[in-house]
Each structure stands twice: as structure tokens, then as C-alpha cells.
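Okay, structure first, notes after.
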Amino acid sequence: MSDTEDNAAAQEWPSTRVLTDIVYCGVCTLPVEYCEFAGTTTKCQKWLRNKDVALFAKTWPAVDLTEKMDDATLEEDSTLTKEQKKAEAKAAQEAKKKAAQRLIIKRVERTKRKCVIEVSGLELFGVDLKKAAKLFATKFACGSSVTKNPQGTDDIIVQGDVQDDIYDLVLDTWPQVPEEQIELTEGKKK
Amino acid sequence: MFKKFSPKDDVSGKSKVKSSVQRGIRSKILEQYPALNPYIEELMPKKDPLILVKCHDRLNVVMVNDQLLFFNHHDGPYFPTLQILHKFPDIMPQVQVDRGAIKFVLSGANIMCPGLTSKGARIDVDLPVDTPVAVLAEGKEHALALGELKMSTQDIKSINKGVGVELVHFINDGLWHAKIEA
Ligand SMILES: [Zn+2]
């Protein structure tokens, strides 16, 4: 740097490149050249192949072009190292576990004309049950509380025939709950 | 430093700083990273509020327009976040680790001297101890981490034992993923 602070110093700033076109992986978030270390190699490859074939070829030169057009072959990809496979298996298992989580919104008839809704599993998606119960109460102007079920976990019991409304509200409020993991059921009073 | 960082647990407060403080932070950053002079107004527009995100253990993160830009620890030197370093890759000195070291760096480990002196590694400049450095990797274009030299680069080469670079921030750590709302 310059030893003076005058305008002449301006020309003496060191320079830097400015990169604005770095592609970050849509699966693992890393610059795509680091996907091979992310433990989600197959998914990363699929993502990049769909996004940018040229960059894919540059990033994964060992994966040949016919293979990478075929998902089934890609799964069996022999270019993955043992470690990558292991990490992938682990990630896949976790994803499976996550996908198996269910939010159950059950309509239970109390009498001919009265029913309650039992919401179970919301905590699996990282939702604070007390806050959720409060939200239901204010949104639907009805009683709503957290209660232990016979299995020893917590349910939210909502007093009112609002099963569909809860379904909609859940989707709007907690995007981390996938629609396909919500079950609507009906049941008799226990 | 950010291996287990999560905004939910580690942020203790956020505050919009006074404009005098904002100027001070800006000039300190420019003093450390003079190459940013032409871009600083774009990165930290004077008219936009600078939010200081205070975290555990006297760690401060500088945020402007919801983007995390720089951080410092115990009032020490500022480090850019890796997103900023990727965009402006030449603002700070670099060291390069060999390919074998990548997975250790990505698990948050400090970098041992042999990982900096082997065939795939590179240190092109002489730097004193405590210098903040970008960490590049053999065969890769973009930095994967930021660290602080625990020995001078001369010592790293001659002693070639022990921790050469203390890891500060790496891609995939808590700061990399952190989204903080103002
Ligand atoms: Zn990836």
C-alpha cells in the first residue's frame, strides 16, 4: 500500500478479480467442484446435470455421457469412492427417515354433532406444539391444547370441526412439512 | 469457530450501529482489504444500515441488507465470509492444501503443516504468524476455508510439524449456512 493517503494512492490499491458466476450446488450448497465431498454425490450430480451439462462434464469428467443420462445407471456409479458411497448411504437413510415422518390430522367424533381434531406428529417437523396450539386457537376461535396421548407423546387437540382448515394452515405456516407427509384421517372417540 | 454455529443458539443480539461506528468498521475493513476499495460502496452502501450480529464469545458478524459480509473475534482482524471471498478471491493471501487434506478441512479440523507442504500444496508468499489466509485446495478453483497462520510460512516449511493454520471458517460450516434476519 501507499505511504501517503492522497489521491495517488487510489491507483495503488491492489486489485482483485470479481467472480459473479460461481455455481453453488442446489443440493449441498457448496461450489459444485466440492460436491464430491458433500456426501450427496448422486443427488448433486443429478442436479448439476439438469442445470448445466457443460459444467457437469467439467466437474465430473469421469462420469461418461451415456451413463449420466440414465438415472438408474447413475445410482450404481462406479466412479464413486467407497467413502462417498458410505456417506451417501447414510444421507439416504436420514432422508428416508425424514420422509417417513407423518403429521396426522384426525377428526374424532365426540357426539353426533360435536367433534375434535387430534393433530399428532407436528413436533417431528421442529414445530413448538404450545405455540401451534395457541395459533390454532386464535385462528379458529376455538379451544386448543397440548395433551399427552396414550403413547406418551404430545398431541394437539382442537375443539371444533376444522380438519381442513388445520391442513391449510399447516401448509401455509410451516413450509418444512411436505404436503405428502400429512395424513387426514377419521376416527371414533377413544 | 463455526463448526457448530447456529444462529438460533449462538446469536445473542443484533443491533443497528451508529453511523460513526459504521464508518469505523468500513475503514478498518478497507485497511485490511484495500483491494475492496472500488467495491465497498456496493457491498456496504453508506445509506444502508449496518447490523452488527453479536454472538457468543465476542464474535461479531457484520451484516448489510441481510447479507453476512465480515466477522471478527475478540476485536481481532476482520475476515470476509466465504461467500464474499469467493466473489473477491484476491483480497487476501492464500495457502493451498493438498487434495488429501480437503475432507479434514471440511470436517472442521485445523490444518497440519504436511498438508501445506506436500506435493499438491502451495505456499507462494512469505507471511508472518497470525496472518488471516484464504485456504485453497489442490485441483479446485475456489477457497474452501479461511484460517489464521499459527506459524510463519517459513516455519511451516522448515519445521513441517504440528498445526500450521488454525481453521476459522469453512464451506459447509454453521456460518456458511447461517441465515439471519435483521
Ligand atoms: Zn452438491
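In what follows, chains carry the letters A, B, and so on, assigned in the order in which the sequence lines appear, proteins first and then strands, with residues in each chain numbered from 1. As a basis for the values below, the full set of heavy atoms in this structure was taken, side chains included, without hydrogen atoms, waters or symmetry mates.
B:S158 pairs by the side-chain hydrogen bond (donor to acceptor under 3.5 Å, both in side chains) definition with nothing, not counting sequence neighbours. Every residue two or more places apart in sequence or in another chain that forms a side-chain contact (heavy atoms from CB on, under 4.5 Å) with A:Q176 is listed here: A:F125, A:V127, A:W174.
Heavy atoms of B:L106 lying under 4.5 Å from chain A belong exclusively to its side chain. Using a 4.5 Å cut-off between heavy atoms, B:L36 makes no contact with chain A at all. Neither the backbone nor the side chain of B:Y33 comes within contact range of chain A; no heavy atom of the residue lies under 4.5 Å from a heavy atom of that chain. A:S15 touches chain B through its backbone: at least one of N, CA, C or O sits under 4.5 Å from a heavy atom, while the side chain does not.
Remark: B:L144 CG to A:L30 CG distance equals 9.5 Å, nearest 0.5 Å. Taken from CG in A:D21 to NZ in B:K87, the straight-line distance is 11.5 Å, to the nearest 0.5 Å.
For A:E36 and B:K103, the salt-bridge test fails: no basic side-chain N is under 4.0 Å from an acidic carboxylate O.
In this structure, the ring of B:W176 has its center less than 6.0 angstrom from the ring center of A:Y24.
When side chains are defined from C-beta on, B:H86 counts as touching A:I22, because their heavy atoms get closer than 4.5 Å.
Formation of a donor-acceptor pair under 3.5 Å by the A:Y34 side chain with backbone atoms of B:H142 is found in this model.
Considering all non-hydrogen atoms of both residues, A:E33 and B:K140 come closest at O-NZ, 2.7 Å. When all heavy atoms of A:T16 and B:D90 are compared, the pair lying nearest together is OG1-N, 3.0 Å. Closest heavy-atom contact between A:C28 and B:N172: O-OD1, 4.2 Å.
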